[in-house]
Amino acid sequence: MAEALLGTKCSSSSSISHLSPNFHLFPTNIKRSQHLIHGSFSPNSRIRCEAASLEGAKTAPAQIKKPKNRYEMVNLTTWLLQQEQAGNIDAELAIVLSSISLACKQIASLLQRSSIINITGTQGTVNIQGEDQKKLDVISNELFCNCLRSSGRTGIIASEEEDVPVAVEETYSGNYIVVFDPIDGSANIDIALTTGSIFGIYGPDQQCLVDMDDDSTIDQAREKCIVSVCQPGSNLVAAGYCLYSSSVVYTLSVGNGVYAFTLDPAYGEFVLTHEDIKIPKAGRIYSFNEGNYDLWDEKLQSYLDHLKQPGPNGKPYSGRYIGCLVGEIHRMLLYGGIYGNPKNKNSKNGNLRLLYECAPMSYIIEQAGGKAIDGNQRILEIMPEQIHQRTPIFIGSPEEIEKLEKYLA
C-alpha cells in the first residue's frame with residue numbers, strides 16, 4: 001500500500017513503520033509528475049528508492065521536465081560564456097561582442113533623451129559619402145570606437161563615418177577587425193522613429209600592428225588596413241545589429257544560428273528573448289522605396305507589379321517601408337518577406353554600403369535560413385574593392401528571393 005502511495009519501489013533494512021513520525025505522505029490524487037516527498041526519514045533507516053509507475057499504470061510515465069522558473073533568464077554575458085565553453089568563439093571575440101553591446105546601451109540611452117539634451121539635428125559636417133552628419137552620427141561613432149579600443153581585443157576599426165580604417169594603437173590592440181555603421185536610419189532620429197546599429201567582425205589579422213608614432217609608416221599602415229578590411233562577407237566570424245525602437249534588441253550570430261537579446265531596463269542587461277531564429281520560407285510583405293519606381297529597370301518593375309496583384313487568398317502583398325535597414329531586417333526575420341534597395345538610373349551601384357550594412361545583414365539572414373543577392377550573385381561572395389563600396393541588395397525569405405530571381409533572369 002505504501003509503495004502505491006509513493007509511486008516508488010523501496011527496499012530497506014528496517015520496515016516502513018520505522019519512518020520518522022514527521023514523515024508525511026501526499027494525498028493519493030497527486031499528479032504523477034509530482035513525485036515529491038516532504039519530511040525526513042529516521043536516521044536508522046537505510047532506504048533505496050527507484051522510480052516506478054504508479055500501481056495499475058499501463059505505460060511508463062513520460063520523462064519529467066523541469067518547469068522553467070519564471071525568474072530564470074539568460075543574459076548576454078552568460079550566453080557568450082556558454083558559446084566560449086562550447087568552442088564556438090574564443091575569449092577575445094566574447095569581449096569584442098560584449099564591448100559592442102555596451103556601446104549599444106549608451107546609444108540607446110542617448111536616443112531616448114536626444115530631444116531633452118539637445119542632440120538632435122545636423123552636426124554641420126559631411127561624411128566621406130557626402131552625406132550630412134547628424135549630431136548622433138558623430139557621437140555614436142565615438143562611442144563605438146571608444147568601446148572597441150578599450151576592449152583591448154580590436155586591431156582595426158572601420159566605420160561608415162570614417163574616411164579610412166583606423167589601426168588601434170598597439171598598446172591597446174588585439175587582432176579582430178570590426179566594421180560598423182553606428183547609426184543606421186539617422187534621418188529617423190529627429191522624429192523618434194526606428195533606428196539601429198550594424199556591425200560585422202572579421203578574424204585576427206597581424207598586418208596593422210605597426211608603430212603609429214612613426215610617421216613614415218602611417219601611409220603604408222593605412223594601405224595594409226584597407227587590404228585587411230576589404231574581405232568578402234563569407235569571411236565574417238560574427239555579425240549583428242542593435243534595434244532602437246519600442247524595445248532595444250541586440251541580435252547577433254557567431255556562425256551557429258541567430259539569437260536576439262532584449263534590453264531589460266530594470267536590470268540594464270540584454271536578456272535572451274529569441275533563440276535560434278529561423279526566417280519564414282515565404283512572406284507576404286515587401287519593402288522597397290517605390291518613389292524610385294520609374295528609375296528601375298523593366299524587369300524589376302514587372303516584379304513589383306506582380307506583388308500588387310491579388311494572390312490565392314485574394315489579397316496582394318503588403319507594402320512596408322521604415323527607412324531603416326535594421327528595422328526592415330528585424331521585421332523580416334520574424335515575419336518573412338523581401339527587402340530591396342536596387343540600383344537605379346541615378347545610383348548605378350545602389351545606395352547601401354557593402355562592408356558596413358549589406359555584408360553583416362546578409363550574414364545574419366543566411367544564418368537564419370534566408371537569402372541575400374545583388375541581383376546577380378550572393379552578397380557574401382562579393383569581393384570589396386573599396387572601403388565605402390556600395391551595392392544593390394535584395395534580401396529576405398528564400399522563396400521570395402527565388403521568385404525575384406526568375407523575374408530578373
Side-chain angles (χ1 to χ4, degrees), residues 96 99-111 114 119-151 154-169 172-173 176-190 193-202 208 212 218 221-222 225-226 228-231 233 236 239-244 323-327 329 341 347 349-361 384-391 393:
V96 172
S99 70
I100 292 173
S101 75
L102 175 59
C104 292
K105 289 179 186 178
Q106 293 174 325
I107 293 169
S109 177
L110 289 175
L111 284 168
S114 59
I119 53 173
T120 57
T122 59
Q123 176 75 7
T125 55
V126 177
N127 65 16
I128 188 64
Q129 290 90 32
E131 300 166 334
D132 290 331
Q133 290 181 306
K134 299 284 187 179
K135 291 178 183 177
L136 270 167
D137 282 327
V138 177
I139 296 171
S140 299
N141 185 65
E142 284 298 314
L143 289 173
F144 253 88
C145 290
N146 289 340
C147 287
L148 289 169
R149 286 192 183 101
S150 63
S151 74
T154 309
I156 308 171
I157 298 171
S159 168
E160 181 181 322
E161 303 300 330
E162 300 282 355
D163 294 355
V164 295
V166 177
V168 179
E169 294 84 352
Y172 305 101
S173 74
Y176 279 100
I177 301 165
V178 182
V179 297
F180 60 91
D181 179 359
I183 288 285
D184 171 60
S186 57
N188 289 347
I189 292 173
D190 294 353
L193 295 183
T194 302
T195 55
S197 299
I198 307 171
F199 64 89
I201 303 174
Y202 291 94
C208 282
M212 297 304 288
I218 291 180
R222 285 180 177 176
C225 287
I226 291 173
S228 299
V229 170
C230 284
Q231 300 184 47
L236 285 164
Y241 62 82
C242 191
L243 173 76
Y244 311 114
C324 170
L325 180 61
V326 171
I329 297 299
N341 195 312
S347 300
N349 297 315
N351 297 302
L352 298 180
R353 264 67 60 168
L354 174 60
L355 279 174
Y356 312 110
E357 296 167 315
C358 297
M361 286 307 202
E385 297 177 357
Q386 300 175 359
I387 292 297
H388 299 292
Q389 180 174 327
R390 299 174 189 255
T391 182
I393 185 171

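Sequence positions, counted from 1, serve as the residue numbers for this chain.
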Visitor: Has the side chain of H388 got a donor or acceptor atom that lies under 3.5 Å from a matching backbone atom of D163?
Guide: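 At least one qualifying donor-acceptor pair exists.
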Visitor: With a 4.5 Å limit on heavy-atom distance, are the side chains of I100 and L148 in contact?
Guide: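 A side-chain contact under 4.5 Å exists here.
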Visitor: Got a second to check how far N188's CG is from Y244's OH, nearest 0.5 Å?
Guide: 14.0 Å
Visitor: For P165 versus A158, what's the shortest heavy-atom pair and its separation?
Guide: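 Where P165 meets A158 most closely, the heavy atoms are CB-CB, 4.1 Å.
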Visitor: Look at the side chain of S140 and the backbone N and O of D137, then say whether any donor-acceptor pair between them is shorter than 3.5 Å.
Guide: no
Visitor: Do F180 and I198 have side chains that approach each other closer than 4.5 Å (heavy atoms only, starting at C-beta)?
Guide: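 Sidechains of I198 and F180: no contact.
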Visitor: Do you know which two heavy atoms are closest between P384 and C230, and how far apart they sit?
Guide: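 Here P384 and C230 meet closest at O-CB, 3.7 Å.
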Visitor: Strictly distance-based, threshold 3.5 Å: is any side-chain N or O of S99 a donor or acceptor partner for the main-chain N or O of V96?
Guide: yes
Visitor: Can you check side-chain contact (heavy atoms from CB on, under 4.5 Å) on Y176 and V168, steps first, answer last?
Guide: CA-CA 10 Å; Y176 279 100; V168 179; over 6 Å; no
Visitor: Can you name the closest pair of heavy atoms from S114 and L136 and give their distance?
Guide: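 Shortest heavy-atom contact: CB-CD1, 4.0 Å.
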Visitor: Take D184 and E357 through the side-chain contact (heavy atoms from CB on, under 4.5 Å) test and state the conclusion after the steps.
Guide: CA-CA 9 Å; D184 171 60; E357 296 167 315; 3.6 Å; yes
Visitor: Nearest 0.5 Å please: distance from the CZ atom of F199 over to the OH atom of Y241.
Guide: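 It comes to 10.5 Å.
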Visitor: Is there a side-chain contact between Y202 and L355, using heavy atoms and a 4.5 Å cut-off?
Guide: yes
Visitor: State, with a plain yes or no, whether a side-chain heavy atom of V326 is found less than 4.5 Å away from one of T194.
Guide: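 A side-chain contact is absent here, since even the closest heavy-atom pair is not under 4.5 Å.
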Visitor: Could you give the distance from CD (Q231) to CG (L236), rounded to the nearest 0.5 Å?
Guide: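 The CG atom of L236 is 8.0 Å from CD of Q231, to the nearest 0.5 Å.
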Visitor: Between S197 and F144, is any pair of side-chain heavy atoms under 4.5 Å apart?
Guide: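 Yes, close enough: below the 4.5 Å cut-off.
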Visitor: Would you say R149 and V166 make side-chain contact, with heavy atoms under 4.5 Å?
Guide: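 Contact flag for R149/V166 side chains = yes.
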Visitor: Take Q133 and N141 through the test side-chain contact (heavy atoms from CB on, under 4.5 Å) and record every step on the way to the result.
Guide: CA-CA 11 Å; Q133 290 181 306; N141 185 65; over 6 Å; no
Visitor: Taking the side chain as every heavy atom from C-beta outward, state whether P182 and L143 have any pair of such atoms under 4.5 Å apart.
Guide: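 The answer is no, as the side chains (C-beta and beyond) never meet within the 4.5 Å cut-off.
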Visitor: I'd like to know whether I393 forms a side-chain contact (heavy atoms from CB on, under 4.5 Å) with M361, so could you lay out the CA-CA distance, the side-chain angles of the two residues, the decisive distance to 0.1 Å, and finally the verdict.
Guide: CA-CA 10 Å; I393 185 171; M361 286 307 202; 5.5 Å; no
Visitor: To the nearest 0.5 Å, what is the distance between CG (D181) and CD (E161)?
Guide: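 Those atoms lie 6.5 Å apart.
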Visitor: Could you tell me which residues satisfy side-chain contact (heavy atoms from CB on, under 4.5 Å) with N349, sequence neighbours excluded, listed by chain and number?
Guide: R390
Visitor: State the OG1-CG distance between T195 and L111, to the nearest 0.5 angstrom.
Guide: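 T195 OG1 to L111 CG: 4.5 Å, rounded to 0.5 Å.
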Visitor: Working to the nearest 0.5 Å, report the span between CG of L325 and OH of Y356.
Guide: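 That separation rounds to 15.5 Å.
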Visitor: Restricting to non-hydrogen atoms, name the atom on S150 and the atom on C147 that form the minimum distance, rounded to 0.1 Å.
Guide: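 Looking at all heavy atoms of both residues, the shortest contact is OG-O, 3.0 Å.
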